[in-house]
Amino acid sequence: MRITCNLRETVARVQKLIKNDFNIVTIDQFKINVKAGNGGPGLARYNGVGGTGGNVYFVAKPSMAFVDIKKELNSKMRIRAQNGDSSSKTSLLGSNGKHELFDVPVGTEVVNRTEDKLIANCTVPFRRYLIARGGKGGSMSSAYKGEKGESVDVDLHMKLCPNIGLLGFPNAGKSSLLKALVPEKSVKIGEYPFTTVNPQMAFWKDTLEDGNFSTLPQALTLSVLDLPGIIEGASVNRGMGYKFLKHLENADIIVMVVDCGGFQLKNELDCPFRTPLESIALLNCEIERYDKNLLKKPVVCVLNKIDILDEQGREKISYLATDLRTHQWVKKLDNDEMRPKNAIRFESVVELSAKSGNVDKLREVLSQLRHYLHSMKDDNSPAEKSSQKQRLR
């Protein structure tokens, strides 16, 4: 299979960011203390003005690995700008402190850890983003005392931008589905929960019917992200909590993978068994608690492991798939506590066995949905748009 230059560039860009041969994300967050320079003191006798302290800027670099941030800081995890100079008899205007410029990968989010507020989203290559402002120099208005520069504890977050993000409870078959979509990808698969402990990215190369890689403009190279499973109660930090869901914020499509046989984390009294319908509802609720904006994204439901069901079981799953397609599934919930306030309206529902490797129907759905999202021209009529979405069902 011939790989195009576009694919090589896409893979290379992600590998530079992740810096892992298997595209496994081992580090996606750093905690850093940032301190701008203090203003220099003025000179009251001669009305001298102290220099302004230097600012701290983050500069977005497109070819930088996220893990190299720690290396750039020599593991000290703090950034300091220069203080402004004091006013003196020979220099009544103190020199300003030098600004501190620190490189971060493009796409890095900078969050004030204390206030939990976004300071900057470093998305534009080579742009400077102000993180901490230097203090003003001492003058008459401040009794010639220099102001202190801003000091802030920040969290640096790396957020991936996958075309497709896989979401589900542990052991739902997300890794098996990733392997089925991208057979050449090395994926750890096990018959136990939390096989995947770190996010991992793979690249699905769309092919033509003859098996050759398509070089046409409409050909697809989709990045697929497999996330560690979340569990019921992730909102109160059960399991791995929400810490990996941030990588879905920039995803084009979310694929919810559900075990047709139901889910139970452990065979214990405090871990109740959940049916496929209840699993979907609980996943919906956990997403809702994390960020309601994720519910606005196109979501495809994959009812996995149909190969383990008997005829009666397959019939029940078929009825569930119908309810999901007609958006009637919430009404079938008996437990009001599981009923989400904002129910997901699935773009498509696919029944499959990822273990068998036969995921052609899902490939077709994802290709059509991605084409609808990114290739639809502005002059399409509402009727044409509705027709395109209807083909996804």
Side-chain angles (χ1 to χ4, degrees), residues 3-34 56-81 99-113 118-132 152-166 175 178 182 184-188 196-205 221-228 240 243-252:
I3 302 179
T4 64
C5 293
N6 180 45
L7 176 59
R8 289 194 187 99
E9 292 173 1
T10 303
V11 174
R13 186 168 60 251
V14 172
Q15 286 183 333
K16 283 181 180 178
L17 178 63
I18 300 176
K19 207 174 184 179
N20 184 287
D21 292 338
F22 297 100
N23 295 327
I24 297 175
V25 179
T26 55
I27 298 176
D28 60 5
Q29 180 179 352
F30 284 116
K31 296 180 179 181
I32 298 176
N33 177 260
V34 178
V56 176
Y57 294 93
F58 284 179
V59 183
K61 291 298 180 72
S63 59
M64 182 178 177
F66 189 79
V67 294
D68 286 343
I69 290 176
K70 189 173 183 178
K71 180 181 178 181
E72 293 293 322
L73 294 172
N74 295 321
S75 300
K76 294 180 179 178
M77 309 313 288
R78 63 174 182 263
I79 301 172
R80 298 290 183 266
H99 299 316
E100 182 67 23
L101 306 180
F102 183 74
D103 294 342
V104 296
V106 170
T108 300
E109 282 194 357
V110 186
V111 177
N112 184 316
R113 194 190 317 162
L118 180 67
I119 297 176
N121 191 359
C122 307
T123 57
V124 181
F126 306 108
R127 174 179 289 183
R128 294 182 181 185
Y129 294 87
L130 178 63
I131 306 302
V152 59
D153 291 321
V154 299
D155 286 331
L156 304 188
H157 292 276
M158 176 181 69
K159 291 186 179 181
L160 299 174
C161 300
N163 298 119
I164 301 166
L166 305 183
S175 297
L178 180 68
V182 190
E184 63 272 22
K185 168 72 174 175
S186 176
V187 181
K188 182 180 180 181
T196 302
V197 294
N198 291 300
Q200 54 183 338
M201 184 88 83
F203 297 91
W204 163 28
K205 301 175 286 293
T221 300
L222 301 181
S223 54
V224 186
L225 180 65
D226 177 21
L227 294 177
M240 296 186 182
K243 68 178 185 176
F244 295 122
L245 288 185
K246 64 182 181 181
H247 295 298
L248 293 180
E249 293 176 18
N250 297 322
D252 296 325

Seminar exercise, completed: Of Lys76, Arg78, Arg80, the one forming a side chain to side chain donor-acceptor pair (under 3.5 Å) with Asn33 is Arg80
Problem set entry | Distance, nearest 0.5 Å, that separates CG of Leu156 from SG of Cys122 | 8.0 Å
Exercise. Heavy atoms, side chains only, cut-off 4.5 Å: are Ile131 and Phe102 in contact?
Worked result: no
Problem set entry | Under 3.5 Å donor-acceptor, Lys246 side chain and Asp28 backbone | yes
For this session: Check the angle between the aromatic planes of Phe66 and Phe30 and answer parallel, tilted or perpendicular using the 30° and 60° thresholds.
Result: parallel
Exercise. Do you know which two heavy atoms are closest between His157 and Asp155, and how far apart they sit?
Worked result: NE2-CB, 3.6 Å
Problem set entry | From OG1 (Thr108) to CE (Met64), nearest 0.5 Å | 7.5 Å
Exercise. Should we say atom CZ of Arg127 is surrounded by more than 12 heavy atoms from elsewhere, each under 6.0 Å from it?
Worked result: no
Problem set entry | Side chains of Val56 and Val152 in contact at under 4.5 Å (non-hydrogen atoms) | no
Seminar exercise, completed: In short, Val106 meets Thr123 closest at the heavy-atom pair CG1-O, 3.5 Å
Seminar exercise, completed: What one should report as the nearest heavy-atom pair of Pro162 and Ser223 is CA-OG, 3.3 Å
Exercise. Under a 4.5 Å cut-off applied to non-hydrogen side-chain atoms, are Glu100 and Tyr57 in contact?
Worked result: no
Exercise. Any donor-acceptor pair under 3.5 Å linking the side chain of Asn121 with the backbone of Glu109?
Worked result: no
Exercise. So, for Pro199 and Pro228, which heavy atoms are closest and what is the spacing to 0.1 Å?
Worked result: N-CD, 3.8 Å
Exercise. Roughly how far, to the nearest 0.5 Å, is OH of Tyr129 from CD1 of Ile119?
Worked result: 14.0 Å
Problem set entry | Nearest heavy atoms of His247 and Leu160, plus distance in Å | ND1-N, 3.1 Å
Problem set entry | Crowding at CZ, Arg128 (>12 non-hydrogen neighbours, <6.0 Å) | no
For this session: Report yes if some heavy atom in the side chain of Phe58 is under 4.5 Å from a heavy atom in the side chain of Val34; otherwise report no.
Result: yes
Seminar exercise, completed: The side chain to side chain donor-acceptor pair (under 3.5 Å) partners of Lys70 (sequence neighbours excluded) come to none
For this session: Report the distance from atom CG of Leu166 to atom CG of Leu225, rounding to the nearest 0.5 Å.
Result: 7.0 Å
For this session: Measure across Arg113 and Val154 and return the closest heavy-atom pair with its distance rounded to 0.1 Å.
Result: NH2-O, 3.6 Å
For this session: Calculate, to the nearest 0.5 Å, the distance between atoms OG and CG belonging to Ser175 and Leu227 respectively.
Result: 10.0 Å
Problem set entry | From CD1 (Ile69) to CD1 (Ile32), nearest 0.5 Å | 6.0 Å
